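Written below as structure tokens is the structure these notes are about.
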Protein chains: 2
Amino acid sequence: MAQLFRLDSSSGVPFYRQIIDQVLLAVADGRLKVGAQLPTVRQLAVDLSVNLNTVAKAYREMEIRGIVQTQQGTGTFIAARASGGRAREKRKAVSDLLDRFIANAEAHGVPIEDLVEALVERAENARRRTT
Amino acid sequence: MAQLFRLDSSSGVPFYRQIIDQVLLAVADGRLKVGAQLPTVRQLAVDLSVNLNTVAKAYREMEIRGIVQTQQGTGTFIAARASGGRAREKRKAVSDLLDRFIANAEAHGVPIEDLVEALVERAENARRRTT
DNA sequence: CCTATTGTACTAGTAGTCTAGTACAATGGC
DNA sequence: GCCATTGTACTAGACTACTAGTACAATAGG
């Protein structure tokens, strides 16, 4: 498999947060499926050349947020989505996210058409991967 | 002028870096032209509700990188050699924004297809509004 | 010259991130 | 039972980002 994690030390984003983001991305676009095992904290720490505690912190936060399930002695796995959320709540979540996203994009001077184009492309890649 | 700068305190990216990024993007897409004056350090600090030193740090780093020219007592201005690699920067900006957006959505259990649908709808509304 | 406005410089303190090292706890395979 | 492997927990220290407050330096304009 292609390298799943890569850190950008020049971005200013904390490592543990980058790890979380990349797990979420991988889940969103199908590279990581429910039940898949993540690298062990020690292995990933070596791969990324960061400290064991940094990886552990990322895993712990993902555990709390329900993104993964950890079993001491066994490993860390992508959790079955607690997507029991009702349709109404989901719609509101999407709306709120979009508000922030578009506002952010506008602050960066990115036209909305570019966003649509890029997002559609990502979605297609994800679909291709899951079928 | 529309709000040129906006900070995202939840992104984990340092404020001073966000300021630099947004100046670069504004230059890249023409909202800031060579010779344009940036807000004063004090004014921007008030606008963004951050400390004077944080803005000063951003300006100082941009000065060093040749993005702006500062004149004590006068102001801070976009330097002549500031513009370069606009298409590349824009593409990276879109990509970074998307990464965060999708990861964020996934964290909320929102599938990527829903995002496409909602975003397309917004884009159509926006187009209808501007024509 | 005087004053307001601009950027600059410095100290001090708080909070968060990351590293380093060590030890403990639970699981699975033998 | 034994032991390797997994995640967890803790302390200590270095470093960075940010805030807060103060003072200084250069410029523009009356």
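Reminder, nothing fancy here: chain letters follow the sequence lines and each chain counts from 1. Please read all numbers here as calculations on a predicted model, not as lab measurements.
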Between [N] atom [atom2] and [X] atom [atom1], what is the distance in whole Å?
X: A:Gln69; N: D:dT6; atom1: CD; atom2: P; result: 19 Å
X: A:Phe77; N: C:dG28; atom1: CZ; atom2: C1'; result: 12 Å
X: A:Arg42; N: C:dA26; atom1: CZ; atom2: C1'; result: 12 Å
X: A:Arg17; N: C:dG16; atom1: CZ; atom2: P; result: 11 Å
X: A:Gln43; N: D:dA4; atom1: CD; atom2: C1'; result: 15 Å

When you measure from the side chain of [X], which nucleotide among [options] comes out closest?
X: B:Asn51; options: C:dC18, D:dT19, D:dC10; result: D:dT19
X: A:Phe15; options: D:dT8, C:dT17, C:dT19; result: C:dT19
X: B:Gln72; options: D:dA17, C:dG7, C:dC18; result: C:dG7
X: B:Pro14; options: C:dT6, D:dA17, D:dT8; result: D:dA17
X: A:Leu52; options: C:dG28, C:dC18, D:dA9; result: D:dA9
X: A:Val41; options: D:dT8, D:dC18, C:dT19; result: D:dT8

- Message: Quiz question: by atom type and distance under 3.5 Å, do the side chains of B:Asp47 and B:Gln43 form a donor-acceptor pair?
- Response: yes
Has [X] got a side-chain N or O lying under 4.0 Å from the OP1 or OP2 atom of [N]?
X: B:Thr70; N: C:dT8; result: yes
X: B:Thr76; N: C:dG7; result: yes
X: B:Tyr16; N: D:dC18; result: no

- Task: Quantify the bending of the helix from C:dC1-D:dG30 to C:dC30-D:dG1 as the angle between its end axes, each fitted on five pairs, to 10°.
- Result: 20°
Enter the distance from [X]:[atom1] to [Y]:[atom2] here, rounded to the nearest 0.5 Å.
X: B:Asp8; Y: B:Phe15; atom1: CG; atom2: CZ; result: 8.5 Å
X: B:Glu106; Y: B:Ile112; atom1: CD; atom2: CD1; result: 8.5 Å
X: B:Thr40; Y: B:Tyr59; atom1: OG1; atom2: OH; result: 7.0 Å

- Item | Residues A:Asp29 and A:Arg128 bridged, charged N to O under 4.0 Å | no
- May I ask you to decide whether B:Arg100 forms a salt bridge with A:Asp21, counting only side-chain N to carboxylate O separations under 4.0 Å? yes
- Query: Which pair of heavy atoms, one from A:Ala126 and one from A:Ala28, lies closest together, and at what distance?
  - Reply: CB-O, 4.2 Å
- Closest heavy-atom pair and its distance - A:Gln18, A:Arg6: OE1-O, 4.1 Å
- Is A:Glu63 reaching over with its side chain to a backbone N or O of A:Thr70, donor-acceptor style, under 3.5 angstrom? yes
- Taking only heavy atoms on the protein side, list every residue of residues 54-62 of chain B lying under 4.0 Å from any atom of DNA chain C, sorted numerically. none
- Message: Is it true that, when you exclude A:Gln37 itself, more than 12 heavy atoms of the residues, nucleotides or ligands shown sit nearer than 6.0 Å to its CD?
- Response: yes
- Query: Within the modelled atom types, does a donor on one side and an acceptor on the other bring the side chain of A:Asn53 and the base of C:dG21 under 3.5 Å apart?
  - Reply: yes
